[in-house]
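To start, the structure itself, in C-alpha coordinates.
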Amino acid sequence: MDYKDFFQKRTTATIARDLLGHALTFQTPAGKVGGLIVETEAYVGVRDRAAHSYGGRRSPANEGLYRAGGTLYIYAQRQYFFFDVATQAAGTPEGVLVRAIEPIWGQELMLANRHGKGGRLLTNGPAKMMQAFGITSRKWDLHLLADSPFEIDLQHKRAPKQILALPRIGVVQADPIWANKPLRFVVAGNPYVSDIKQRQIEKDHGWA
DNA sequence: TCGCGGATAGACT
DNA sequence: GTCTATCCGCGAG
(Lines give C-alpha, C1' and ligand atoms only; values in the text may rest on other atoms or scores of the structure.)
Protein backbone atom coordinates (compact mmCIF):
# COMPACT_ATOMS: atom_id res chain seq x y z
CA MET A 1 0.00 0.00 0.00
CA ASP A 2 1.35 3.47 -0.86
CA TYR A 3 0.74 6.72 1.01
CA LYS A 4 -2.12 7.70 -1.29
CA ASP A 5 -4.04 4.48 -0.64
CA PHE A 6 -3.26 4.60 3.06
CA PHE A 7 -4.38 8.22 3.62
CA GLN A 8 -7.22 8.60 1.11
CA LYS A 9 -9.24 5.39 0.89
CA ARG A 10 -10.58 4.90 4.41
CA THR A 11 -12.26 6.97 7.10
CA THR A 12 -9.95 9.29 9.02
CA ALA A 13 -10.70 7.47 12.29
CA THR A 14 -9.72 4.15 10.71
CA ILE A 15 -6.49 5.68 9.41
CA ALA A 16 -5.63 7.10 12.84
CA ARG A 17 -6.26 3.71 14.44
CA ASP A 18 -4.20 1.90 11.82
CA LEU A 19 -1.19 4.19 12.32
CA LEU A 20 -0.58 2.74 15.80
CA GLY A 21 2.44 0.43 15.71
CA HIS A 22 3.88 1.88 12.49
CA ALA A 23 7.29 3.57 12.58
CA LEU A 24 7.57 7.35 12.19
CA THR A 25 11.07 8.63 11.46
CA PHE A 26 12.69 11.96 10.61
CA GLN A 27 16.01 12.27 8.80
CA THR A 28 18.13 15.02 10.39
CA PRO A 29 21.59 16.10 9.23
CA ALA A 30 22.98 14.38 12.33
CA GLY A 31 21.10 11.12 11.76
CA LYS A 32 17.73 9.46 11.80
CA VAL A 33 15.36 9.88 14.74
CA GLY A 34 11.97 8.34 15.46
CA GLY A 35 10.02 5.45 16.90
CA LEU A 36 6.73 3.59 16.89
CA ILE A 37 3.48 5.55 16.87
CA VAL A 38 1.56 4.90 20.09
CA GLU A 39 -1.02 7.72 20.18
CA THR A 40 -3.01 9.50 17.44
CA GLU A 41 -6.06 11.70 17.07
CA ALA A 42 -8.51 12.04 14.17
CA TYR A 43 -9.95 15.42 13.14
CA VAL A 44 -12.86 14.93 10.84
CA GLY A 45 -13.49 18.09 8.89
CA VAL A 46 -15.94 20.97 8.72
CA ARG A 47 -18.49 19.32 11.03
CA ASP A 48 -15.93 18.64 13.79
CA ARG A 49 -16.10 21.37 16.43
CA ALA A 50 -12.59 20.55 17.59
CA ALA A 51 -10.94 20.64 14.15
CA HIS A 52 -9.04 23.64 12.85
CA SER A 53 -11.17 23.33 9.72
CA TYR A 54 -14.49 23.48 11.60
CA GLY A 55 -17.15 25.32 9.61
CA GLY A 56 -14.84 25.57 6.62
CA ARG A 57 -12.25 27.79 8.28
CA ARG A 58 -9.31 28.21 5.96
CA SER A 59 -6.15 30.31 6.29
CA PRO A 60 -2.41 30.00 5.72
CA ALA A 61 -2.18 28.40 9.16
CA ASN A 62 -4.40 25.41 8.36
CA GLU A 63 -4.11 25.15 4.58
CA GLY A 64 -2.49 21.72 4.92
CA LEU A 65 -5.72 20.12 6.09
CA TYR A 66 -7.31 20.98 2.72
CA ARG A 67 -4.59 19.30 0.68
CA ALA A 68 -4.67 15.73 -0.60
CA GLY A 69 -4.28 12.86 1.88
CA GLY A 70 -0.58 12.26 2.51
CA THR A 71 0.28 15.98 2.71
CA LEU A 72 2.01 17.20 5.87
CA TYR A 73 0.17 19.69 8.05
CA ILE A 74 2.57 21.26 10.54
CA TYR A 75 0.67 23.49 12.93
CA ALA A 76 2.18 26.11 15.21
CA GLN A 77 0.75 26.93 18.62
CA ARG A 78 2.74 29.38 20.72
CA GLN A 79 6.34 28.17 20.44
CA TYR A 80 5.28 24.56 19.80
CA PHE A 81 4.68 22.51 16.66
CA PHE A 82 2.31 19.64 15.82
CA PHE A 83 2.79 16.87 13.28
CA ASP A 84 -0.32 16.07 11.25
CA VAL A 85 -0.93 14.25 7.99
CA ALA A 86 -3.89 15.30 5.86
CA THR A 87 -6.35 12.54 4.97
CA GLN A 88 -9.00 12.12 2.23
CA ALA A 89 -9.01 13.80 -1.17
CA ALA A 90 -7.95 17.41 -1.71
CA GLY A 91 -10.70 19.78 -0.56
CA THR A 92 -11.88 17.54 2.30
CA PRO A 93 -10.15 19.08 5.34
CA GLU A 94 -9.56 16.06 7.56
CA GLY A 95 -6.36 14.87 9.17
CA VAL A 96 -4.56 12.79 11.74
CA LEU A 97 -2.44 14.20 14.56
CA VAL A 98 0.43 12.02 15.80
CA ARG A 99 0.62 12.70 19.53
CA ALA A 100 3.28 10.31 20.79
CA ILE A 101 5.86 7.70 19.81
CA GLU A 102 7.88 5.07 21.63
CA PRO A 103 11.46 6.18 20.83
CA ILE A 104 13.70 3.71 18.99
CA TRP A 105 16.05 5.44 16.54
CA GLY A 106 18.47 8.25 17.44
CA GLN A 107 17.60 8.29 21.11
CA GLU A 108 20.75 10.18 22.12
CA LEU A 109 20.08 12.84 19.49
CA MET A 110 16.49 13.22 20.67
CA LEU A 111 17.66 13.43 24.27
CA ALA A 112 19.99 16.28 23.32
CA ASN A 113 17.20 18.06 21.40
CA ARG A 114 15.03 17.75 24.50
CA HIS A 115 17.78 19.28 26.65
CA GLY A 116 18.24 16.12 28.67
CA LYS A 117 14.59 15.32 29.38
CA GLY A 118 14.55 11.56 28.91
CA GLY A 119 12.45 8.57 29.85
CA ARG A 120 8.75 8.94 29.25
CA LEU A 121 9.12 12.73 28.97
CA LEU A 122 11.18 12.32 25.79
CA THR A 123 8.29 11.89 23.33
CA ASN A 124 5.01 11.51 25.27
CA GLY A 125 3.25 14.53 23.75
CA PRO A 126 2.84 16.11 20.30
CA ALA A 127 5.11 19.11 20.89
CA LYS A 128 7.62 17.04 22.87
CA MET A 129 7.95 14.66 19.93
CA MET A 130 8.62 17.55 17.55
CA GLN A 131 11.16 19.03 19.96
CA ALA A 132 12.89 15.67 20.11
CA PHE A 133 13.04 15.67 16.31
CA GLY A 134 14.61 19.12 16.43
CA ILE A 135 11.75 20.82 14.56
CA THR A 136 11.74 24.58 15.13
CA SER A 137 9.74 25.87 12.17
CA ARG A 138 6.88 25.03 9.83
CA LYS A 139 9.37 24.35 7.06
CA TRP A 140 7.84 21.01 6.01
CA ASP A 141 4.22 22.18 6.13
CA LEU A 142 2.38 21.48 2.84
CA HIS A 143 5.07 19.08 1.60
CA LEU A 144 4.02 15.60 0.60
CA LEU A 145 5.07 13.05 3.19
CA ALA A 146 6.87 11.20 0.38
CA ASP A 147 8.89 14.33 -0.52
CA SER A 148 10.00 15.14 3.02
CA PRO A 149 12.55 13.87 5.54
CA PHE A 150 9.64 12.30 7.42
CA GLU A 151 8.80 8.67 6.75
CA ILE A 152 6.04 6.37 7.94
CA ASP A 153 6.83 2.71 7.34
CA LEU A 154 3.63 1.22 5.95
CA GLN A 155 5.21 -2.17 5.25
CA HIS A 156 5.84 -3.10 8.87
CA LYS A 157 3.68 -2.77 11.92
CA ARG A 158 4.08 -3.89 15.49
CA ALA A 159 0.73 -5.21 16.67
CA PRO A 160 -0.80 -3.52 19.73
CA LYS A 161 -2.30 -6.00 22.21
CA GLN A 162 -5.20 -3.64 22.77
CA ILE A 163 -6.24 -0.30 21.30
CA LEU A 164 -8.30 2.19 23.30
CA ALA A 165 -10.52 4.88 21.74
CA LEU A 166 -10.75 7.88 24.07
CA PRO A 167 -11.84 11.54 23.98
CA ARG A 168 -9.26 13.90 22.48
CA ILE A 169 -6.89 15.91 24.69
CA GLY A 170 -7.17 19.63 25.25
CA VAL A 171 -10.48 19.94 23.45
CA VAL A 172 -12.49 22.40 25.52
CA GLN A 173 -15.12 23.38 22.98
CA ALA A 174 -18.61 24.38 24.08
CA ASP A 175 -20.10 21.40 22.25
CA PRO A 176 -19.83 18.35 24.57
CA ILE A 177 -20.77 15.95 21.77
CA TRP A 178 -17.62 16.74 19.81
CA ALA A 179 -15.45 17.31 22.86
CA ASN A 180 -16.13 13.73 23.99
CA LYS A 181 -16.04 11.83 20.69
CA PRO A 182 -13.68 8.86 21.03
CA LEU A 183 -11.33 9.98 18.25
CA ARG A 184 -8.06 9.55 20.15
CA PHE A 185 -6.42 6.15 19.74
CA VAL A 186 -3.74 4.76 22.03
CA VAL A 187 -1.74 1.56 22.53
CA ALA A 188 -3.11 0.45 25.91
CA GLY A 189 -0.37 0.17 28.55
CA ASN A 190 2.34 1.96 26.59
CA PRO A 191 4.37 4.32 28.81
CA TYR A 192 4.68 7.01 26.12
CA VAL A 193 0.93 7.64 25.85
CA SER A 194 0.58 11.24 26.98
CA ASP A 195 -1.64 11.08 30.06
CA ILE A 196 -1.11 7.50 31.20
CA LYS A 197 -0.94 6.75 34.93
CA GLN A 198 2.05 4.95 36.36
CA ARG A 199 0.00 1.93 37.43
CA GLN A 200 -1.50 1.50 33.95
CA ILE A 201 1.89 0.94 32.32
CA GLU A 202 2.48 -2.65 31.24
CA LYS A 203 5.82 -4.47 31.11
CA ASP A 204 5.47 -5.35 27.42
CA HIS A 205 4.48 -1.74 26.67
CA GLY A 206 1.19 -3.02 25.31
CA TRP A 207 2.62 -4.84 22.29
CA ALA A 208 1.40 -8.31 21.35
C1' DT B 1 -0.26 14.24 42.35
C1' DC B 2 -2.56 18.49 41.34
C1' DG B 3 -3.36 23.30 40.06
C1' DC B 4 -1.39 27.48 38.74
C1' DG B 5 1.04 30.97 35.67
C1' DG B 6 4.10 32.14 31.90
C1' DA B 7 5.58 31.70 27.19
C1' DT B 8 3.49 33.90 22.93
C1' DA B 9 1.64 31.77 16.84
C1' DG B 10 -1.98 33.04 14.62
C1' DA B 11 -7.06 33.76 13.80
C1' DC B 12 -10.94 36.06 15.22
C1' DT B 13 -14.16 39.84 17.84
C1' DG C 1 -7.99 41.95 23.68
C1' DT C 2 -9.30 36.66 23.75
C1' DC C 3 -8.84 31.91 22.71
C1' DT C 4 -6.27 27.48 21.74
C1' DA C 5 -5.14 20.14 19.14
C1' DT C 6 1.04 22.55 24.80
C1' DC C 7 4.82 22.24 28.00
C1' DC C 8 7.40 23.31 32.09
C1' DG C 9 8.57 24.63 36.75
C1' DC C 10 6.76 25.77 40.93
C1' DG C 11 4.44 25.25 45.47
C1' DA C 12 0.96 22.95 48.34
C1' DG C 13 -1.34 18.75 50.15
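If you're wondering where the values come from, they're calculated on a predicted model, not measured in any experiment. By convention in this document, chain letters (A, B, ...) are assigned in the order of the sequence lines, proteins followed by strands, and residues within each chain are numbered from 1.
Shown for residues 104-128 of chain A: residues whose heavy atoms fall under 4.0 angstrom of DNA chain C, namely A:R114, A:K117, A:G125, A:P126, A:A127, A:K128.
Note on A:L121: it does not cluster hydrophobically with A:I196, by side-chain heavy-atom contacts below 4.5 Å among ILVMFWY residues. One hydrophobic cluster holds both A:F26 and A:L122 under the rule that ILVMFWY side chains link at heavy-atom gaps under 4.5 Å. If you chain together hydrophobic residues whose side chains sit under 4.5 Å apart, A:L166 and A:L19 fall into the same group. Under a hydrophobic-cluster definition in which Ile, Leu, Val, Met, Phe, Trp and Tyr are linked whenever side-chain heavy atoms come within less than 4.5 Å, directly or via other members, A:Y80 and A:V171 are assigned to different clusters.
Nucleotides C:dT2 and B:dG5, compared at atom P, are 15 Å apart to the nearest Å. C:dC3 and B:dC4 have their P atoms separated by 16 Å, with the value rounded to a whole Å. One P atom belongs to B:dT13, the other to C:dA5, and the distance between them is 15 Å to the nearest Å. Between B:dG6 and C:dG1, the distance separating the two P atoms is 15 Å to the nearest Å.
Seen from the ring of A:Y66, A:R58 counts as a face-on cation partner, given the 6.0 Å and 45° thresholds.
Side chain of A:S53 to main chain of A:P93: a donor-acceptor pair is present (N/O by atom type, distance under 3.5 Å, no hydrogens or angles). A donor-acceptor contact shorter than 3.5 Å is absent between the side chain of A:N124 and the backbone of A:Y192. A donor-acceptor contact shorter than 3.5 Å is absent between the side chain of A:K157 and the backbone of A:A23. Judged purely by atom type and a 3.5 angstrom limit, A:E151 has no side-chain atom pairing as donor or acceptor with the backbone of A:A146.
A:R49 has its CZ atom 11 Å from the P atom of C:dA5, to the nearest Å.
The side-chain hydrogen bond (donor to acceptor under 3.5 Å, both in side chains) contacts involving residues 199-208 of chain A comprise A:E102-A:H205, A:E102-A:W207, A:K161-A:E202, A:K161-A:D204, where partners must be two or more places apart or lie in separate chains. Residue pairs that meet the side-chain hydrogen bond (donor to acceptor under 3.5 Å, both in side chains) test with at least one member in residues 26-39 of chain A, sequence neighbours left out, are A:E39-A:R99, A:E39-A:R184, A:E39-A:S194.
In this structure, A:Y3 and A:F7 have tilted ring planes: the angle between them lies in the 30° to 60° band. Relative ring orientation between A:F83 and A:F150 is described as tilted, the plane-to-plane angle lying within the 30° to 60° band.
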Pick out the pairs of N or O atoms, protein on one side and nucleotides 9-13 of chain B on the other, that lie under 3.5 Å.
residue : atom : partner : partner atom : Å
B:dA9   : O4'  : A:R78   : O            : 3.0
B:dA11  : OP1  : A:S59   : OG           : 3.4
B:dA11  : OP1  : A:A61   : N            : 3.4

Between protein and nucleic acid, restricted to nucleotides 11-13 of chain C and to nitrogen or oxygen atoms under 3.5 Å apart, what atom pairs and distances do you find?
none

**OP:** Starting at the 5' end of DNA chain C, write a dot or bracket for each base, bracketing those in Watson-Crick or G-U wobble pairs whose two distances are under 3.5 Å and using | for partners on another strand.
**Re:** ||||.|||||||.
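Within the 4.0 angstrom heavy-atom criterion, no nucleotide atom of any strand lies near A:F81. A:I169 comes within 4.0 angstrom of the backbone, heavy atoms only, and of no base.
Taking the 5.5 Å centre cut-off and the 30° plane limit, the aromatic side chain of A:Y43 is classed as stacked on C:dA5.
Between A:Y80 and A:Q198, the residue whose closest nucleotide on DNA chain B is further toward the 5' end is A:Q198.
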